[in-house]
Each structure stands twice: as structure tokens, then as C-alpha cells.
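Let me begin by presenting the structure, written as C-alpha cells, before commenting on it.
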Amino acid sequence: MQAFWRDTTEFLPILMSGVALTIIVTIGSLLLSTALGLIWALMRVSGIGVFTGFSAGLINVIRGIPIIVLLFYLYFVMPELGVTLTALQAAILGLGIAYSAYQAENFRAGIEAIDKGQIEAAQAIGMGWWATMRRVVLPQAVKIVLPPYGNIMIMMLKDSSQASTITVAELALQGKLIASSTFKNTSVFTLVALMYLTMSIPLILLVRHFEKRAGHK
Amino acid sequence: MIELSNVHKSFGKVEVLKGITASVEKGEVVCIIGPSGSGKSTILRCINGLESYDSGKILIEGAKVDRSAPSIVAIRTQVSMVFQRFNLFPHRTALENVIEGPVYVKKEPRAEALERGRVLLAQVGLAEKADSYPPQLSGGQQQRVAIARALAMQPKAILFDEPTSALDPELVGDVLSVMRKLADDGMTMVVVTHEMGFAGDVADRVLFIDGGVIVEQGPAKSVLNQPQHARTQDFLRRVLHPL
């Protein structure tokens with residue numbers, strides 16, 4: 001145990017720099033996936049054939065490709081096509097795109113859960129599609145969407161470790177580097193696991209809060 | 001003011017409207033009665049373009065109702081609708097529900113809309129409920145807010161789709177008396193209803209619809225008291241004397 005505390009004080013500063021990158025990757029890809037997911041979902045429910053088809057197809061393609069392959073593609077293949085991304089950019093873009101599919105399906109479920117009568121009432125006072133979405137459907141869908149959204153946040157936090165495969169020195173990669181140079185596997189990976197857990201706990205509490213609030217109605 | 005000529009409408013293979021021709025004059029109150037599934041609600045929903053119709057023509061003050069044309073917005077702001085299940089926006093207060101259309105569709109200044117909204121809520125007897133959310137209101141109160149919301153658009157006519165069918169019996173009266181007041185004030189109203197008492201007292205004309213056609217129509221008193229057609233007689237007997 002004493003050895004673990006000594007290792008902790010020694011490795012923590014290095015691991016903390018990994019934590020910073022983990023948070024940047026998570027927040028960056030969360031924002032990107034939310035924006036893209038909302039666009040896919042709105043296209044999907046637009047009732048316009050081309051948009052619906054495009055969105056449905058795209059979501060299936062994204063869902064069918066492993067995140068790690070998507071990351072490799074962005075980081076190793078895109079340069080050959082003339083688009084060079086930094087590892088961090090590729091990580092945020094890759095995770096953002098990958099998760100946009102799940103975000104879209106979540107948003108779509110929330111939108112479709114809204115009573116048809118709400119949409120008719122909006123139409124009956126002359127609202128167009130966009131105003132109906134913005135003023136009537138989306139504000140109500142948010143409540144339904146939030147609990148699963150919180151779960152997606154937790155999954156993204158953990159999946160940000162996949163960025164290590166394209167050299168982003170986030171928490172998992174920092175851990176691996178320290179472990180392979182010091183052979184203190186137990187201390188290092190226990191620490192890494194605890195740090196992920198520590199970051200997850202606020203999110204888990206947030207999900208619980210969302211669920212309670214959604215349950216009230 | 002509202003004219004339907006030979007309107008046909010099918011859902012899939014089922015033809016629900018088989019050539020409806022009718023008109024509603026300005027200031028008139030027309031009640032549509034008939035068995036469920038007869039196409040009553042569909043007529044209302046076609047008039048303000050919530051449903052499309054397959055053939056025939058619906059005109060509102062001479063303008064054709066076409067739900068896929070941009071002109072539908074203008075028609076909907078002139079012809080309001082009150083729904084069976086109220087369909088208030090649950091995330092907005094009663095007052096916010098009332099001003100939603102004026103502010104976000106007709107672009108009225110918010111202060112003006114608020115002022116008018118309060119007057120309308122007072123008119124339906126709910127001045128003190130302005131800041132309540134729909135789930136906090138009874139069905140009858142919600143429906144009266146919905147009527148205020150319809151009035152806020154300053155419509156030329158209001159369509160009522162079974163406005164009291166989802167209400168507990170003791171709450172029906174409040175809603176009907178608000179509607180009666182509107183009728184007395186000269187509002188053009190088309191009301192799909194099972195409230196024969198209301199139809200008899202308030203309506204100028206009654207249309208009896210069965211199987212997607214108008215079986216009988218005429219002044220309310222004569223259709224309800226001396227129905228000519230066997231199907232009308234049968235329907236009224238069932239409604240008025242269910243046992």
C-alpha cells in the first residue's frame with residue numbers, strides 16, 4: 001500500500017496532463033456529436049425523402065464502422081487525400097462522427113415521442129415546420145432525451161481512450177507509457193482506472209438527476 | 001365564408017368523405033353530428049389543412065385550401081381550431097399558450113399580445129390561471145385556455161372538434177357556456193359535437209353525416225326534432241335514449 005501511495009505522488013502529475021487531454025477530447029467530441037446528431041435527427045424527421053434517406057443511410061454507415069477504424073481512417077488515410085489533421089483534431093472529429101449516430105437516434109426517439117396533437121396544435125395556429133420544432137417539439141423532447149444523453153456522455157468519456165491509438169497522449173496512453181517504462185503495472189493502471197471512475201461519478205450523478213426530473217412529469 | 005364542394009378523401013382504401021358539399025356563412029354556427037367514424041372530424045381537419053383531400057374544393061373566403069401551398073399559413077391564422085384533447089403546450093403557461101400564435105406566427109409585439117391574452121383568459125373565466133401550466137388545470141379549464149388560444153389569432157371562424165368529448169360530465173357546462181357566448185357575439189363556428197342540447201340551442205344549422213355523406217341538413221330545430229331521414233332518426237334515438 002505504501003508503495004502505491006509513493007507511486008501515486010510520482011505519477012499523478014504526468015497522468016493529470018493525460019486527464020486534461022481526455023477532457024478536451026470528450027468535450028470536443030460531445031459538442032460535435034450533439035450538433036451533428038441533431039442535424040441527422042432533424043433530417044430524419046423532416047418528411048423530405050432525400051433528407052430522410054440520406055440521414056438513415058449515413059447513420060447506418062457510421063454505426064457499422066468501429067470507432068478505432070474511423071480514427072485510423074482520419075489520421076492515417078486522410079493525409080494521403082491531402083487533408084492532414086493533428087492527432088487531437090482527428091480524435092475529436094472521429095469520436096464526434098462516430099457518436100453522432102447514437103445522438104441522432106436518441107434525438108429522433110425523443111422527437112417522435114412527442115404527441116402528434118402537439119404538432120397539429122402548432123400547425124393549427126399557423127406555425128411552419130421549423131417554428132413547430134423550435135417552439136413546441138424540441139423543448140418537450142429535451143426532457144425525454146436527457147437521461148440517455150447523460151449515458152452517452154459517460155460512454156464518450158471512456159471511449160475517448162481510443163484516441164490513444166492515434167497517439168493522443170490522453171489518460172490511457174499516458175498510463176501505458178509510464179507502465180511500460182517503470183513496469184509498475186498494478187499501481188499505474190489502478191490509478192488510471194480510479195481517475196476514469198472519478199471523472200464518471202459526476203456524470204453518473206447528473207444522469208440520476210435527469211432521470212428523476214424526467215420521472216416527475 | 002367556408003365552402004366545400006364535392007370533397008372526397010380516402011385513407012388508403014377506405015373512403016371517409018364521399019363528396020361533401022356544404023357551406024358556412026359568416027356569423028353562422030353549424031353543428032356537425034353523426035356516428036363515430038362517419039367523417040365528421042375529417043371534414044374539420046380538411047378545412048384548415050391538417051389533412052389533405054383527394055378531390056373537390058374547399059374555399060375560405062374564396063381562397064383555396066391546399067395544405068402543401070404556402071397560402072395555408074394565412075388560412076390557418078384565419079380559421080382556428082379547438083381539439084378534442086385540448087393539445088395545449090404543456091411546457092408553457094396558460095398565458096404563454098394564448099400568445100404563442102400572435103407573437104411567433106403573426107409577429108405581434110409581445111406586450112400587446114400579453115395584454116390581449118389576459119383579456120381573453122378573463123373572457124373564458126380563467127384570469128387567475130394565467131401563470132398555471134396545463135397539467136395543473138382541469139380538463140375544462142384546459143379546453144377554455146385552448147379556446148382563448150384560438151381566439152387570440154383573431155380568427156374569422158373557429159372549428160371545434162368534439163370539444164367536450166374528453167371532459168368529465170360536470171366540466172362540460174363551463175366549456176359550452178363559453179362557446180355559447182362566442183356564438184352570441186357572432187363568431188362563425190363549425191362544431192363537431194355529441195352535445196345535442198348545445199346543437200339544438202345554439203346552432204343555426206345542423207348537418208347529419210353518416211358514411212362519409214351528408215344525409216340530412218337544415219335548421220337545428222327541424223333536424224333534431226323532426227328528422228326526415230331514417231338514419232338520422234335512428235342516430236338521434238340512440239344518442240338521446242341510449243337505454
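Convention: sequence-line order gives letters A, B, ...; per-chain numbering from 1.
At least one donor-acceptor pair closer than 3.5 Å links the side chain of B:Arg92 to the backbone N or O of A:Arg135. In this structure a side-chain-to-backbone donor-acceptor pair under 3.5 Å is present from A:Gln118 to B:Leu88.
Between A:Glu120 atom CD and B:Arg45 atom CZ the span is 4.0 Å, to the nearest 0.5 Å. Residue A:Ile125 holds its CD1 atom at 11.5 Å from CG of B:Asn87, rounded to the nearest 0.5 Å.
Within a 6.0 Å radius of OH in A:Tyr73, no more than 12 heavy atoms belonging to other residues, nucleotides or ligands are found. In the displayed structure, B:Gln154 atom CD is contacted under 6.0 Å by more than 12 heavy atoms of other residues, nucleotides or ligands. Summarising the local packing, CZ of A:Phe51 is surrounded by 12 or fewer heavy atoms from other residues, nucleotides or ligands at distances under 6.0 Å. Within a 6.0 Å radius of CE in A:Met16, no more than 12 heavy atoms belonging to other residues, nucleotides or ligands are found.
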Mind listing the side-chain donor-acceptor pairs of residues 23-35 of chain A below 3.5 Å, one per line with the distance, residues two or more places apart or on another chain?
residue, atom, partner, partner atom, Å
A:Thr26, OG1, A:Thr22, O, 2.7
A:Ser29, OG, A:Val25, O, 2.6
A:Ser29, OG, A:Thr26, O, 3.3
A:Ser33, OG, A:Ser29, O, 2.9
A:Ser33, OG, A:Leu30, O, 3.0
A:Ser33, OG, A:Gln103, NE2, 3.1
A:Thr34, OG1, A:Leu30, O, 2.6
A:Thr34, OG1, A:Tyr149, OH, 2.6

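Most heavy-atom pairs under 4.5 Å with chain A, from the set B:Glu100, B:Lys106, B:Arg149, B:Met81: that is B:Glu100. Counting heavy-atom pairs closer than 4.5 Å to chain A, the top residue among B:Asn48, B:Thr77, B:Ile72, B:Leu50 is B:Leu50.
Contact annotation for B:Val79: only backbone heavy atoms (N, CA, C, O) come within less than 4.5 Å of a heavy atom of chain A. If you measure heavy-atom distances from A:Ala124 to chain B, the contacts under 4.5 Å come from both the backbone and the side chain.
Pairing each heavy atom of A:Ala121 with each of B:Phe89, the nearest pair is CB-CE2, 4.0 Å.
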